[in-house]
Amino acid sequence: MLADLLLVLHFAVAAFIVLGLILVWIGAALETRARWAWIRNPWFRYLHLAAIAFVAAEAVLGYACPLTLWEDLLRGGVRPESFVGRWVYRLLYYNAPEWVFTTLYAAWAAATLITLRFVPARQRGD
């Protein structure tokens with residue numbers, strides 16, 4: 001059960017990293033609407049940048065993600081057997097050479113940093 005919860009948390013972090021940038025791009029295009037003002041929230045933007053920078057750095061340095069290591073420890077090195085674990089595992093982990101993931105993480109980190117430059121975070125009232 002704990003391993004499944006950790007896997008769901010891992011999936012949520014991955015979704016935050018991927019969807020966060022996509023939503024900033026959409027929000028920048030629709031920014032005239034007040035509902036999209038949250039895309040410039042500094043807490044959101046810098047936490048998002050820190051998350052992808054961490055993932056890219058661990059990939060470039062060849063480190064395994066701590067969430068993956070903890071999940072493996074909780075599972076005793078076996079594949080997830082529960083329904084939630086099985087489906088989230090299939091969505092989160094893909095079978096590809098490691099360099100593909102490292103390249104994707106680094107490119108996503110660069111895109112996040114560039115987006116922060118062109119769609120800067122702002123304090124309320126700026």
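Residue indices begin at 1 and follow the sequence shown.
- No path of Ile, Leu, Val, Met, Phe, Trp and Tyr side chains, each step under 4.5 Å between heavy atoms, connects Leu49 with Val60, placing them in separate hydrophobic clusters.
- Scanning all heavy atoms of the two residues, the minimum distance from Leu30 to Trp36 falls at CD1-NE1, 3.8 Å.
- Tyr63 belongs to a hydrophobic cluster whose remaining members, ordered by chain and number, are Leu61; membership requires side-chain heavy atoms of ILVMFWY residues under 4.5 Å apart, directly or through intermediates.
- Shown here for Ala56 and Ala109, the closest heavy-atom pair between the two residues is CB-CB, 3.9 Å.
- The same ILVMFWY cluster, assembled from side-chain heavy atoms under 4.5 Å apart, contains both Phe101 and Trp108.
- For the atom pair CG (Leu5) and CD (Glu71), the distance works out to 11.0 Å, reported to the nearest 0.5 Å.
- Looking only at side-chain heavy atoms (C-beta outward), Cys65 and Glu58 come within less than 4.5 Å of each other.
- One hydrophobic cluster holds both Ile52 and Val119 under the rule that ILVMFWY side chains link at heavy-atom gaps under 4.5 Å.
- Across Ile17 and His48, no two heavy atoms sit closer than the pair O-NE2, 2.8 Å.
- Within the structure, the salt bridge (Lys or Arg N to Asp or Glu O under 4.0 Å) test picks out the following pairs touching residues 37-46 (sequence neighbours left out): Glu31-Arg40.
- With Leu74 as the fixed residue, the side-chain contact (heavy atoms from CB on, under 4.5 Å) test singles out one of Leu7, Leu69, Leu2: Leu2.
- Within the 4.5 Å cutoff, the side chain of Asp4 has heavy atoms near those of the Arg75 side chain.
- Tyr46 has its side chain within reach of Leu116: a pair of non-hydrogen atoms, C-beta onward, lies under 4.5 Å apart.
- In the hydrophobic clustering of this structure, Leu21 groups with Ile26; members are Ile, Leu, Val, Met, Phe, Trp, Tyr whose side-chain heavy atoms approach within less than 4.5 Å, directly or through other members.
- Taken together through direct or relayed side-chain contacts under 4.5 Å among Ile, Leu, Val, Met, Phe, Trp and Tyr, Leu23 and Leu47 form part of one hydrophobic cluster.
- Although no hydrogens or angles enter the test, the distance criterion places no donor-acceptor pair under 3.5 Å between the side chain of Thr68 and the main chain of Ala64.
- Under the rule for a side-chain contact (heavy atoms from CB on, under 4.5 Å), the partners of Phe44 that lie at least two apart in sequence or sit in another chain are Phe16, Val24, Trp38, Asn41.
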